[in-house]
Amino acid sequence: MTWTRGGDSAATDPDLMKVAGYDPEDDRLLNEVAGFVFRCYFQVARHRTDYAVDPGTAMALGGARWRELVSHATRAGLMTPVEIDSVQHWMMKADSGFMHVPTRAELEWAAQRKKDLRDPRLYVQVRLRDGDNCRWCGILVHWTGPRTNRSGELDHLNPGEPGTFETMVVSCAQCNHGRGADVEVWDSKRALRPVPEQPVYGSHTAKVLTNNGWPTTPNHRSDEDGQAPAGAGTARPDQAVRPATPGDGPTSRPRAPRESRPSPARVSNPQSPETGLVGSGREGSDTTSTPGDRSPTSNAAPDQPQPPRPRRRRGKRGGRARPTSGGTQA
């Protein structure tokens, strides 16, 4: 994943606007330098060079005037000369209000964080231990529905490092995002709450735990009041001390073996209790009777001969049979 985000005022940034005064006679210079600088940002984002532009990139993007464009951008403070591996480079202006490019470390951390949040060996054990209360403010979180400040999330206590059972906690969205802005300041003003003795489990958490091998009964119906109700789930808090392993439990509810599932009984040619005829079991059906016995609801006795029904001649495919006059067939 590579992306670049420009600020709302990037096109009119004061440093960029300075370029227009370097050569007032050339009204094309400002747009030319702006296009060159923005393309440099896109290139460093694509190759994850952490804002560093090498001479080859500057030459490819600036063409025959690349030295002049670099000079104007450097004079305006949009690029800074640096030496990397004994080669001249230029560092782009690192200002999120102007143009933000994620560094290699930021991209790797984003990928690691996504991996941790999708690992059932982590999130199942963390939610089993903490329940549905934020470990920072104590508010009751919700895991489904529209995103709000009370949406349940998992917070990494050590940002930038792979998550473990000990370094991840349940958090509300407001606390998680607020701490992410400045971890050191947040941690200096707030203390992490202890592990609850009787975790609160809503229906969603109980379902997640049950489907992953920890049968759990929800012990509250609603989180509207934000208070933890009395009671506890069937899973004990001390069970959460042992991190899960791949063989701990099924990832879904077990299904009954095929042999144990009941199958509908098949009855071959059942006999009607009313007429004594053998048929498929439906009223008026008969697979073995004679033409005279086709109507079990008739008043005639089963052994009394019945006049044969006139046969109808089928027409050609897609057409209708043509009845002849007098009810007889040609």
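Just so it is clear, the values below take in all heavy atoms, side chains as well, and ignore hydrogens, waters and symmetry mates.
Separation of atoms CZ (R193) and SG (C134) is listed at 8.0 Å; rounding is to 0.5 Å. With rounding to the nearest 0.5 angstrom, the CG atom of L209 is 9.0 Å from the CD atom of Q125. Within the model, atoms OG1 of T57 and CZ of R46 stand 12.5 Å from one another, a figure rounded to the nearest 0.5 Å.
W136 and D155 share a side-chain donor-acceptor pair at under 3.5 Å. Counted by atom type alone, R104 and H47 present zero donor-acceptor pairs between their side chains at under 3.5 Å. A side-chain N or O of T148 and one of H142 form a donor-acceptor pair less than 3.5 Å apart. In summary, the side chains of T164 and T167 do present a donor paired with an acceptor at a separation below 3.5 Å, with no hydrogens or angles considered.
Judged by a 6.0 Å distance limit and a 45° cone about the ring axis, R118 is not positioned over the six-membered ring of Y123.
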TODO: Applying side-chain contact (heavy atoms from CB on, under 4.5 Å), run through R127 and M168 and close with a yes or a no.
DONE: CA-CA 10 Å; R127 292 177 66 173; M168 295 178 66; over 6 Å; no
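Shown here for N133 and G138, the closest heavy-atom pair between the two residues is ND2-O, 3.0 Å. Taking both residues in full, the closest heavy atoms of V37 and A73 are given as CG2-CB, 4.0 Å, listed atom of the first, atom of the second, then distance.
A salt bridge links R147 and E153; the closest N-O separation between the charged side-chain nitrogens and carboxylate oxygens is under 4.0 Å. Salt-bridge check for D116 with R113: failed, with every basic side-chain N at 4.0 Å or more from each acidic carboxylate O. The pair R179-D187 counts as a salt bridge, with a side-chain nitrogen and a carboxylate oxygen less than 4.0 angstrom apart.
Taking the six-membered ring for Trp and thresholds of 30 and 60 degrees, H204 and W143 have nearly parallel ring planes, at less than 30 degrees apart. Between Y41 and Y51, the ring-plane angle classifies as perpendicular under the 30° and 60° cut-offs.
Side-chain N or O atoms of D132 include none that pairs as donor or acceptor with a backbone N or O of L140 at under 3.5 Å. Between the D119 side chain and the K115 main chain, no donor and acceptor come within less than 3.5 Å of each other. For T210 (side chain) and T216 (main-chain N/O), a donor-acceptor pair under 3.5 Å exists by modelled atom type. Judged purely by atom type and a 3.5 angstrom limit, H89 uses its side chain to pair as donor or acceptor with the backbone of V87.
A single hydrophobic cluster is not seen to contain both V169 and L122; linkage of ILVMFWY side chains at heavy-atom distances under 4.5 Å, directly or through other members, places them apart. Note on Y22 and W90: same hydrophobic cluster, where clusters join Ile, Leu, Val, Met, Phe, Trp and Tyr whose side-chain heavy atoms are under 4.5 Å apart, directly or indirectly. A continuous path of ILVMFWY side-chain contacts below 4.5 Å connects V208 to L117, so both sit in one hydrophobic cluster. Both V33 and W66 are members of a single hydrophobic cluster when ILVMFWY side chains are connected at heavy-atom separations under 4.5 Å. Cluster membership check: L154 does not share its hydrophobic cluster with L192, using side-chain heavy-atom separations under 4.5 Å among Ile, Leu, Val, Met, Phe, Trp and Tyr.
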